[in-house]
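In what follows, every heavy atom counts, from backbone to side chain, and hydrogens, waters and symmetry copies are set aside. Letters A, B, ... mirror the listed sequences (proteins, then strands); counts begin at 1.
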Amino acid sequence: AQSVAQPEDQVNVAEGNPLTVKCTYSVSGNPYLFWYVQYPNRGLQFLLKYITGDNLVKGSYGFEAEFNKSQTSFHLKKPSALVSDSALYFCAVRALAHQAGTALIFGKGTTLSVSS
Amino acid sequence: EAGVTQFPSHSVIEKGQTVTLRCDPISGHDNLYWYRRVMGKEIKFLLHFVKESKQDESGMPNNRFLAERTGGTYSTLKVQPAELEDSGVYFCASSPDWGTNTGELFFGEGSRLTVL
């Protein structure tokens, strides 16, 4: 069965420092991988995705993520954190082999707190 | 272009009562999904419509939940009778056809359901 693990409930970083939010996945075949962010009282917003190609993908708000097939990981990173990055981050996966429109499988989320 | 809209944003009901949640997807999006997040847990898939047809309802927890999408436009999710464990945030998401769909889902802000 497909699954996504986000091992950290919370990540705390100081503003200006690099941040990493971890994600590992389990899926049959090649995955589509996604990161979404949820700000307080808002819906989930798409950040970035990996479909194929370059293992390092860049997304919105200066975020990037690195796909590592051997480690089945897709960690979210940002070189310099901002206080406004504080939010709830979700990793999600969908198997390529599935038919059109198949739902995403989400992790439980990681709360990122950036202090000034 | 309007995004995915959900109503109500928050509903507080007593155990045994009925609640109906509504989702209006982005115009032209054939795929519509319902998800639920219980506090601190992962976002769990409930079901997926393609137009008015249920493509996958494997995530529906039990027969107290009924989802409809008459005419392939908006969708409703009814919980009857509600139980305490139904409390959570219900997210709706939509996406276009497979041909133009690289997997990104567009989410509404969610409907928070509290069952007392």
Taking a hydrophobic cluster as the set of Ile, Leu, Val, Met, Phe, Trp and Tyr residues connected by side-chain heavy atoms closer than 4.5 Å, whether directly or through intermediates, do [X] and [Y] fall within one such cluster?
X: A/V13; Y: A/Y39; value: yes
X: B/F45; Y: B/M60; value: no
X: B/L47; Y: A/L104; value: no
X: A/V37; Y: A/L82; value: no
X: A/Y32; Y: A/F90; value: yes

Could you tell me which of A/A92, A/G107, A/G109 has the largest number of non-hydrogen atom pairs under 4.5 Å with chain B?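 It is A/G107.
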Close side-chain approach of B/L105 and A/F46, heavy atoms under 4.5 Å: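 In short, these two side chains do not touch, never coming nearer than 4.5 Å.
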What part of A/Q38 lies closer than 4.5 angstrom to a heavy atom of chain B: side chain, backbone, both or neither?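 It is the side chain, since no backbone atom gets that close.
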Would you mind checking which part of A/N41 comes under 4.5 Å of any heavy atom in chain B, side chain (CB onward), backbone (N, CA, C, O), both or neither?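 Backbone of A/N41 only, per the 4.5 Å heavy-atom cut-off to chain B.
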Which residue pairs satisfy the side chain to side chain donor-acceptor pair (under 3.5 Å) criterion with at least one member in residues 36-45 of chain B, sequence neighbours excluded?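 Listed by first then second residue: B/R36-B/Y90.
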Heavy-atom closest contact (B/I43 atom, A/F106 atom, distance):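 Looks like O-CB, 3.6 Å.
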Quick check: does any side chain N or O of B/Y35 sit under 3.5 Å from a backbone N or O of A/I105, one acting as donor and the other as acceptor?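 No.
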Please check: side-chain N/O of A/Y36 versus main-chain N/O of B/F107, any donor-acceptor pairing under 3.5 Å?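 Side chain of A/Y36 to backbone of B/F107: no pair is present.
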